[in-house]
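Structure first, then comments.
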Amino acid sequence: MGRTRLVAGNWKMHGSRKANRGLLEEVTKAVAQVRGVECAVCVPYPYLGEVAEQLKGTTVAWGAQNVSEHAQGAYTGEVSAVMLAEFGCRYVIVGHSERRQLYGESDAQAAAKFAAVKAAGMAPILCLGETLQERDAGKTEEVVARQLDRVLEKNSFETAVLAYEPVWAIGTGRNATPEQAQAVHAFLRKRVPEKTAILYGGSVKPQNAPAIFAMPDVDGGLIGGASLAAKDFVDIVKAAYVKA
Ligand code: 13P
C-alpha cells in the first residue's frame, strides 16, 4: 500500500512542563520499539522549544496546533510558520473544527494557513468534518468537499496530511463507526494524491482504534483526549501498525 501510517496527538490547551516531561518520557520509550507507524505530538506554543529538545534523537516528531496565515507584521498574539520551522517543527494542524467554531476561522483562512505551512517547508495536517446537523441533513460529502476544495484551489497537496474529524465525534466519546469513517475517507481519497495519509479523529481510544485503523482508507489517527495518557496513546500508535 505504501502510504505513511501516522498517529498524531493533539494536546489542545492541556499540559504543564512537568506533566509534558513525564508523558513524553513514557511515550518516547514505548514508541521507540514500534515500526511502521510515525508518531507525533502537537503541543501548545510555549512548550514547543522544550518539547523539541526532549524529542531530539527520538522517533517522535512534533508539531503545532495553529499558525498565522501571514508571514510577519503587526498581528499581536500570532505566530508565523517561519518561526515554527526555525525550531524544527514538522507538522502544523490547520483548520481544526475548534478553530473554525470557536474562533470563526473560514475555509479561506484555513487555505491561507495551509499555504503558509507548506511554504515554510512543514506538513500541514488539514482537518475537516461535518457537524451532526450537517450529517443528519445528508450533507457530509458536500461539507468536506467544500472544505477541501477551498484548499486545493490554491495549493497542491503533496506532503500534506488530511484528517477527517466529524465534529460530533470530537470530545464526545461518540466515535464514527469504522464504516462511517471509511466511507468519508474513500470519498476524500479520490480528491487528493494517492500517497496522502488520511487520518481519522474523534474520540479515538485504545478500544476502538484497531477497528477504525483496519479500514483500507484510514491511515492513522489524530488523537485528542487519549493523547494525554501515555499508555492510551502508545496503545493507539501500536494499533495503527499493519503488517506489509
Ligand atoms: P478527541 O480525541 O478528544 O475526541 O479529540 C479529537 C480531536 O479533536 C483531535 O484533533
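What you are looking at is a predicted structure, and each value in this text was computed from that prediction instead of being measured. Atoms within a ligand are numbered from 1 in the order they appear, just like the ligands themselves. Along the sequence shown, residues are numbered consecutively beginning with 1.
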Subject >> Per-residue contact class, N10 against ligand 1 - non-hydrogen pairs under 4.0 Å >> reply: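 The part of N10 near ligand 1 is the side chain, not the backbone.
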Original post:
Is it the side chain, the backbone, both or neither of C127 that has a heavy atom closer than 4.0 Å to ligand 1?
Top reply: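 Near ligand 1, C127 shows nothing, with every heavy atom at 4.0 Å or more.
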Original post:
Do the two ring centres, one from F114 and one from F157, sit under 6.0 Å apart?
Top reply: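 Yes, close enough.
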May I ask you to identify the nearest protein heavy atom to [atom], giving residue, atom name and distance to one decimal place in Å?
atom	value
atom 3 (O) of ligand 1	G225 N, 2.8 Å
atom 9 (C) of ligand 1	E165 OE2, 2.9 Å
atom 2 (O) of ligand 1	G224 N, 2.9 Å
atom 5 (O) of ligand 1	K12 NZ, 3.2 Å

Original post:
Is the closest side-chain donor-acceptor distance between H96 and E105 under 3.5 Å?
Top reply: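 Not at all, the side chains of H96 and E105 share no donor-acceptor pair under 3.5 Å.
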Subject >> H96, any N or O under 3.5 Å of ligand 1 N or O >> reply: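 Yes, since at least one N or O of H96 sits under 3.5 Å from an N or O of ligand 1.
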Original post:
Is G201 in polar range of ligand 1, meaning some N or O pair under 3.5 Å apart?
Top reply: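 Between G201 and ligand 1 (N or O atoms, distance only) the closest approach is not under 3.5 Å.
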Original post:
Do any heavy atoms of A226 fall under 4.0 Å from ligand 1?
Top reply: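 No, A226 has no heavy atom closer than 4.0 Å to ligand 1.
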**OP:** Consider ligand 1: state whether an atom of it lies below 4.0 angstrom from any non-hydrogen atom of S203.
**Re:**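 Heavy atoms of S203 do come under 4.0 Å of ligand 1.
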Any side-chain heavy atom of [X] within less than 4.5 Å of one from [Y]?
X	Y	answer
W62	Y47	no
T131	W168	no
L148	V192	yes

Original post:
So, R150 side chain and A111 main chain: donor-acceptor pair closer than 3.5 Å or not?
Top reply: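 Not a single qualifying donor-acceptor pair exists.
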May I have the list of side-chain donor-acceptor pairs in residues 83-94 shorter than 3.5 Å, sequence neighbours left out?
residue : atom : partner : partner atom : Å
R90     : NH2  : E38     : OE1          : 3.1
Y91     : OH   : E38     : OE1          : 2.6

Subject >> From CD (E179) to CE (M215), nearest 0.5 Å >> reply: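 Reported value, rounded in 0.5 Å steps: 5.0 Å.
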If you count the atoms of ligand 1 from 1 in the order shown, which ones are under 4.0 Å from a heavy atom of [X]?
X	value
A169	4 (O)
L222	9 (C), 10 (O)
G202	4 (O), 6 (C)

Subject >> E130: which of R135, R146, K139 passes salt bridge (Lys or Arg N to Asp or Glu O under 4.0 Å) >> reply: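 For E130, the salt bridge (Lys or Arg N to Asp or Glu O under 4.0 Å) test succeeds with only one of R135, R146, K139, which is R135.
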